[in-house]
Amino acid sequence: MIVSDLLAHLNPEQRAAVTLPDESALILAGAGSGKTRVLTTRIAWLLQSQRIRPAEILAVTFTNKAAREMMTRLTALLPIHLRGMWIGTFHGLCNRMLRAHHQTAELPQTFQILDSADQLSALKRLLKRLNIDDEKYPPKQVQRFINQAKEQGLRPAGMDASDPFSQKCAELYAAYHAQCQREGVVDFAELLLRSYELLARNAEMAAHYQARFKHMLVDEFQDTNTLQYAWLKQLAGPCGAVFAVGDDDQSIYAFRGANVGNMRDFEREYKVRHLIRLEQNYRSHGHILDAANVLIAHNTRRLGKNLRTDAGCGECVRVVSAETDSQEALWLVSEVRALNRKGIPLDQIAVLYRSNAQSRVLEHTLMSAGIPYRVTGGLRFFERAEIKHALAYLRLLENPDDDTAFMRVVNFPARSIGARTLEVLSEAARPLNRSLHAAAAQLGGKTAAHLQRFIQLIEEMRARTRGLSLSETVQHVIDASGLVEHYRAEREGQDRIENLRELVNAALAFTKEEHAEPEAPPDDEITPLSAFLAHASLEAGEHQAQAGQAAVQLMTVHAAKGLEFSAVFITGLEEGLFPHQNSIIDASGLEEERRLMYVAMTRARARLYLSFARSRMLHGQSRHSLRSRFLDELPEQTLQHQALHGASARSGAPRPHASHTAGASWTQQAPAAPRRALSEFSAPPHKTVSGFYIGQSVSHAVFGHGTITAFEGNGADARAQVKFTRSGAKWLVLGMAKLQPVL
DNA sequence: CTAATCTCAGTTTTT
DNA sequence: CTGAGATTAG
């Protein structure tokens with residue numbers, strides 16, 4: 001691809017951004033303005049027209065997905081190899097840097113990365129060890145404190161605590177740090193801070209990197225926190241050109257430490273002469289865009305931006321009021337059907353909500369109607385319990401002193417090593433300042449016998465896996481640890497075993513990928529296992545990717561950022577819910593909620609629905625609420641109102657006299673017979689097994705009423721998982737169970 | 001040491 | 001109403 005061709009396809013602002021001279025610039029990229037395109041084209045332009053070498057470029061993103069996408073697009077664009085270019089997430093790049101300089105950074109070569117859950121359990125262990133009342137110092141709060149401190153670039157020594165709580169937390173920070181150091185582990189924030197300190201303390205090294213990276217490109221700059229910005233500055237040095245792309249109107253992670261102020265600071269500190277606004281929107285139709293523009297204009301302290309489109313006005317934004325949440329869900333189902341009939345694929349329809357709890361009713365209603373859906377969010381692959389168990393064994397192979405991993409699996413599967421034994425062990429380890437593993441070896445007595453067996457098991461595993469490939473190692477570990485055996489005995493264990501097998505595949509795939517990308521740090525030999533473990537920590541894995549089958553997309557507004565859909569439903573637009581109660585109290589919180597609403601609206605291409613319910617089941621009881629103030633901030637001429645009431649309201653709302661569960665009465669009154677629903681779809685939405693299908697309502701002689709949620713096996717072995725209203729989920733052999741369809 | 005029972009809180013979460 | 005986490009009984 002010739003770069004001039006690429007440039008010809010850009011609009012003037014995009015082109016201006018792509019071809020900016022060798023200096024720092026801030027690009028205000030509105031929603032749907034071709035941000036990624038500008039970023040990748042800029043890199044292509046630098047390489048081809050400016051004779052910049054790949055090794056002189058660093059591009060940083062927040063998510064692995066964004067990094068991958070940039071990589072993919074670049075390789076499609078350019079014939080040359082991108083060897084030497086640093087593209088990745090903040091954490092990924094810091095990891096790479098720390099591995100390369102582990103000695104200077106005072107880390108073991110095989111340091112492990114703690115994810116948030118690991119960090120929390122490490123802290124709990126610490127509190128217990130120090131006999132600290134976790135009522136007074138809740139682990140979660142201590143965790144927050146430490147991470148916030150790190151994100152400010154602070155170490156315990158440099159903290160001046162004003163109150164006793166902070167004082168104690170600072171002490172705990174110090175103790176936690178010592179513990180991590182002893183165990184050879186780092187948490188997410190530590191990756192960044194260590195990397196930052198590495199450069200700050202080694203002028204020579206800093207100078208090396210500063211000279212190397214002549215161009216640094218930053219995606220989603222509005223989401224950077226104080227430490228990430230400091231890291232960038234450190235790496236860029238006085239001469240590096242930083243190309244920052246972001247949108248202050250889409251800053252929705254302030255609650256997590258993101259500092260939009262970085263944009264203003266950057267503008268000032270880097271004396272940015274070129275502030276380019278990308279205001280041409282290629283996604284949404286006119287009315288949708290107008291409505292979003294007017295909404296976000298209610299925020300103060302903006303850098304200022306107004307999106308425009310060449311597409312026509314398009315359809316009006318539909319504002320729908322329902323009596324109850326279940327009526328809202330019923331309406332949504334019928335609307336989804338209508339859209340699908342009109343030819344809009346299900347995966348082009350998104351249902352968004354403010355908080356995860358809201359998905360429940362929606363899921364239930366969609367399932368009863370037989371409409372396939374996919375929920376984004378929830379547990380990801382590497383976060384599943386069985387996977388974390390397997391990884392813990394692997395971590396112990398790599399580093400026996402990793403006490404977090406040790407504690408996780410020392411008694412899993414059960415080996416009769418209980419709380420008492422472990423207390424004794426930890427008591428023994430403390431004065432020695434040794435790891436649990438090391439202390440166990442020296443522990444005598446009969447209680448220690450089981451413990452010795454465990455130590456032996458780990459050592460045996462290490463011996464047996466020496467020389468094996470990565471995937472063979474994983475395979476050996478899941479067998480030898482007894483994990484597979486343990487789950488085989490469990491009723492719900494089949495899925496977990498499946499996931500463990502998947503882990504072996506993941507290891508195999510990882511080995512292949514690494515081979516394709518020869519980007520190992522130059523000076524040190526990192527073991528494949530260590531690299532794989534880092535990969536597992538840094539990339540939690542796709543959100544349960546259901547092999548691309550057409551399904552309605554359900555997710556929180558946060559999760560929808562960066563995505564786009566033909567039709568978008570924003571549900572639960574009620575005061576207290578969206579904007580959320582906890583955010584209403586102060587102006588900045590409210591503005592972030594408004595930005596959230598703005599992000600949600602700008603996901604839609606052709607059709608946007610905004611709905612709210614006057615009463616909603618919340619925490620087990622129905623609550624009345626007012627329509628969201630955001631609805632009143634939209635321009636009337638872009639809207640089209642609809643109020644739901646009457647028959648469907650009654651059928652969807654058995655509330656006032658509901659002594660039986662909503663679920664049971666609901667399903668009986670589900671308006672559409674599922675079989676008819678099937679014919680309404682252009683493509684059959686689900687497969688049938690012996691005449692049954694996922695989402696079907698059935699009844700069983702013993703267990704009562706339920707819904708089919710999954711299938712496995714075939715022929716005479718075919719089994720269905722049924723979620724029973726009263727007795728929970730069960731696997732039933734279809735040939736035996738005599739399930740009756742309920743209409 | 002496990003299993004059953006109770007209590008209690010209950011936004012959003014790229015790494 | 002749910003689900004996690006702690007407490008208590010076998």
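Protein chains get the first letters and strands the later ones, always in sequence-line order, with residue 1 at the start of each. Model, not experiment: these values are computed from the prediction.
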**Message:** I'd like the P distance from B:dT12 over to C:dG5, given in whole Å.
**Reply:** 16 Å
**Prompt:** Is A:R614 paired with A:E574 through a side-chain N to carboxylate O contact shorter than 4.0 Å?
**Reply:** no
**Message:** With a 4.0 Å cut-off on N to O distance, would you call A:R595 and A:D247 a salt bridge?
**Reply:** no
**Message:** Between A:H558 and A:Y253, is the ring centroid distance below 6.0 Å?
**Reply:** yes
Between [options], which nucleotide has the shortest distance from any of its atoms to the side chain of [X]?
X: A:H619; options: B:dG10, B:dT15, B:dT13; result: B:dG10
X: A:R380; options: B:dT13, B:dT15, B:dT2; result: B:dT15
X: A:R420; options: B:dC1, B:dT15, C:dG3; result: B:dC1
X: A:H558; options: B:dT13, C:dG3, B:dT15; result: B:dT13
X: A:K124; options: C:dG5, B:dT11, B:dC1; result: C:dG5

**Prompt:** Has A:F255 got its ring stacked on the base of B:dT11, with centres under 5.5 Å and planes less than 30° apart?
**Reply:** no
**Asked** For A:H580 and B:dT11, do the ring centres fall under 5.5 Å apart while the planes stay under 30° apart?
**Response** yes
**Message:** With a 3.5 Å distance limit and no angle check, can you tell me whether A:E363 reaches the backbone of A:R360 through a side-chain donor-acceptor pair?
**Reply:** no
